[in-house]
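Below is one structure, written out as structure tokens, with a few remarks after it.
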2 protein chains.
Amino acid sequence: MREKTERVIREWTESCDAEVSIAVLGGAWKPSILSLLAEHGVLRFGELGRLLDNPTARVLTRQLRELEQDGLVVRTVYQQVPPKVEYRLSELGESAGPLVEALTRWGGQYAAQQRAGVGAAPSG
Amino acid sequence: MREKTERVIREWTESCDAEVSIAVLGGAWKPSILSLLAEHGVLRFGELGRLLDNPTARVLTRQLRELEQDGLVVRTVYQQVPPKVEYRLSELGESAGPLVEALTRWGGQYAAQQRAGVGAAPSG
DNA sequence: CGTCACAGTATCCGAACGGGTACTACGTGA
DNA sequence: TCACGTAGTACCCGTTCGGATACTGTGACG
């Protein structure tokens with residue numbers, strides 16, 4: 001587990017468990033990474049980068065490492081050249097699937113509503 | 001809508017709608033604020049502070065303002081002394097209820113599992 | 001010998017965020 | 001006259017985060 005995740009679990013009372021979810025899922029690209037792995041099963045580092053919007057290797061690496069430390073993804077290194085590294089969901093990562101879907105659904109509705117209705121909704 | 005929320009909606013492709021949810025819900029205390037407002041209906045600034053773990057007024061104010069700008073909470077000021085300000089959920093804020101619950105549930109399970117099983121789970 | 005593919009690492013930067021302390025407005029009541 | 005209560009605001013600080021750029025290791029290929 002990441003130090004940050006551990007700190008959040010320790011310092012927030014149990015009434016704030018949602019903070020834990022956000023600590024784990026709330027990094028750039030993380031929900032997308034989880035969705036893609038849920039969809040494709042196994043993906044290599046480069047494939048993930050291409051399926052996302054080409055984040056810098058620095059950023060993608062960090063997100064994947066954090067997800068790995070938090071136990072959501074499994075990283076498999078094949079000792080060969082050129083390097084080959086595969087990522088897939090752990091059981092814990094799979095358990096987050098419905099939550100990521102819920103985030104996606106609500107976020108999509110919210111975005112659509114805001115795009116359409118900023119100050120325009122005739123509510124009376 | 002906050003500038004940040006707007007930027008997230010603009011800059012992330014629709015496949016990453018979950019980022020929008022996290023942009024809106026992902027601030028210190030925000031899920032807790034929404035839960036409390038869902039439970040109590042209406043709460044004053046000071047009541048919220050006491051029900052949470054007494055965040056500084058600075059922090060609580062900012063979270064509430066952001067939630068207000070993002071359209072999740074409604075702020076009502078009563079012109080009287082000493083001041084009285086009430087917060088309640090908007091319809092949009094209520095629509096986030098199930099999502100916050102899902103975050104809380106998964107986060108709680110995750111935290112419990114990590115507290116119990118860090119390196120201890122006998123899986124074989 | 002140089003180049004390519006792949007999966008990173010090293011270093012740096014600016015913005016954003018949480019949080020701490022001090023201060024404010026204003027009518028009431030001792 | 002002074003403190004009280006409420007709901008903040010102003011100012012500052014340290015950390016974290018996303019991101020840009022440059023560099024690395026290594027075997028195969030030409």
Side-chain angles (χ1 to χ4, degrees), chain A residues 2-8 10-12 16 19 22-33 42-70 73-88, chain B residues 2-8 10-13 16 19-20 22-33 42-70 73-88:
Chain A
R2 277 191 300 158
E3 195 277 327
K4 167 173 173 174
T5 308
E6 195 182 343
R7 184 160 27 89
V8 170
R10 208 181 337 108
E11 294 179 2
W12 290 78
C16 315
E19 305 279 350
I22 288 174
V24 173
L25 303 179
W29 310 106
K30 279 186 188 173
S32 300
I33 289 169
V42 174
L43 286 171
R44 298 178 58 174
F45 182 86
E47 290 176 316
L48 269 168
R50 267 169 263 126
L51 288 168
L52 303 169
D53 196 21
N54 286 313
T56 62
R58 164 99 165 80
V59 170
L60 182 53
T61 301
R62 184 151 28 91
Q63 307 308 316
L64 288 168
R65 289 292 197 288
E66 291 179 0
L67 288 171
E68 188 195 3
Q69 284 177 53
D70 282 338
V73 313
V74 178
R75 179 168 173 263
T76 310
V77 181
Y78 296 85
Q79 281 299 346
Q80 62 186 52
V81 167
K84 175 178 173 182
V85 178
E86 283 183 351
Y87 294 89
R88 58 183 177 81
Chain B
R2 277 191 300 158
E3 193 275 330
K4 167 173 173 174
T5 307
E6 195 181 345
R7 183 158 29 86
V8 171
R10 208 182 335 110
E11 294 179 2
W12 291 78
T13 61
C16 316
E19 305 280 350
V20 175
I22 287 175
V24 173
L25 303 179
W29 311 105
K30 280 185 188 173
S32 301
I33 290 169
V42 175
L43 285 172
R44 297 178 59 173
F45 181 86
E47 291 176 316
L48 269 168
R50 267 168 265 127
L51 288 169
L52 302 169
D53 196 21
N54 288 311
T56 62
R58 166 99 166 80
V59 170
L60 183 53
T61 301
R62 184 149 30 90
Q63 305 308 316
L64 286 168
R65 288 292 197 288
E66 290 179 1
L67 288 171
E68 189 194 3
Q69 284 177 53
D70 282 337
V73 312
V74 179
R75 178 168 174 264
T76 311
V77 181
Y78 295 86
Q79 281 300 345
Q80 61 184 54
V81 166
K84 175 177 172 181
V85 179
E86 283 183 350
Y87 294 90
R88 59 184 177 78

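So that the names make sense, note that chain A is the first sequence line, chain B the second, and so on, each numbered from 1.
Per the geometry, NZ belonging to A:Lys84 stands 12 Å off C1' belonging to C:dC6, to the nearest Å. Put simply, CG on B:Asn54 is 17 Å from P on C:dG18, counting in whole angstrom units. Distance CG (B:Leu60) to C1' (C:dT21): 17 Å, rounded to an integer number of Å. Taking atom CD1 on B:Ile33 and atom C1' on C:dG18, their separation rounds to 13 Å, with Å as the unit. For B:Asp53 and C:dG18, the CG to C1' distance is 14 Å, given to the nearest whole Å.
Between A:Arg44 and A:Pro83 the shortest heavy-atom distance is NH2-O, 3.3 Å.
Listed by residue number, the members of residues 61-70 of chain B with any heavy atom below 4.0 angstrom from DNA chain D are B:Thr61, B:Arg65.
To the nearest 0.5 Å, atom CG of residue B:Leu25 and atom CD1 of residue B:Ile33 are 11.0 Å apart. Remark: A:Tyr87 OH to A:Glu47 CD distance equals 12.0 Å, nearest 0.5 Å.
Neither OP1 nor OP2 of C:dA7 sits under 4.0 Å from any side-chain N or O of A:Tyr87. Contact annotation: A:Arg75 reaches the phosphate of C:dG8 (side-chain N/O to OP1 or OP2, under 4.0 Å).
Residue B:Val85 is in sugar-phosphate contact alone, with no base atom involved, counting any heavy-atom pair closer than 4.0 Å across all strands shown. At the heavy-atom level, A:Ala28 lies under 4.0 Å from the strands shown only through sugar-phosphate atoms.
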Return the polar atom pairs (N/O with N/O) between nucleotides 23-30 of chain C and the protein under 3.5 Å, or none.
none

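Residue pairs that meet the salt bridge (charged side-chain N to carboxylate O under 4.0 Å, His left out) test with at least one member in residues 75-84 of chain A, sequence neighbours left out, are A:Lys84-A:Glu86.
A rotation axis mapping the C1' atoms of four pairs onto the next four is fitted at both ends of the helix from C:dC1-D:dG30 to C:dA30-D:dT1 over five pairs, and the angle between these axes is 30° to 10 degrees.
When each of B:Glu47 and A:Glu3 is assigned the nucleotide of DNA chain D bearing its nearest heavy atom, the one mapping closer to the 5' terminus is B:Glu47. The residue among A:Trp29 and B:Glu86 whose nearest nucleotide of DNA chain D is located toward the 5' end is B:Glu86.
Bracketed by its first and final contacts, the part of DNA chain D lying under 4.0 Å from non-hydrogen atoms of chain B reaches from D:dG5 to D:dC12 in 5' to 3' order.
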Result block: side-chain N/O donor-acceptor pairs under 3.5 angstrom for residues 48-66 of chain A, not counting sequence neighbours:
unit_1: A:Thr56; atom_1: OG1; unit_2: A:Val59; atom_2: N; d: 3.3
unit_1: A:Thr61; atom_1: OG1; unit_2: A:Ala57; atom_2: O; d: 2.6
unit_1: A:Glu66; atom_1: OE1; unit_2: A:Arg2; atom_2: NH1; d: 3.2
unit_1: A:Glu66; atom_1: OE1; unit_2: A:Lys30; atom_2: NZ; d: 2.6

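Side-chain proximity of A:Arg58 to the nucleotides C:dG20, C:dT11, C:dA7 is greatest for C:dT11.
Residues forming a salt bridge (charged side-chain N to carboxylate O under 4.0 Å, His left out) with B:Glu3 (at least two apart in sequence, or on another chain): B:Arg7. Considering only residues two or more places apart in sequence or on other chains, B:Val74 meets the side chain to side chain contact (heavy atoms under 4.5 Å, CB included) condition with B:Thr76, B:Arg88, B:Ser90.
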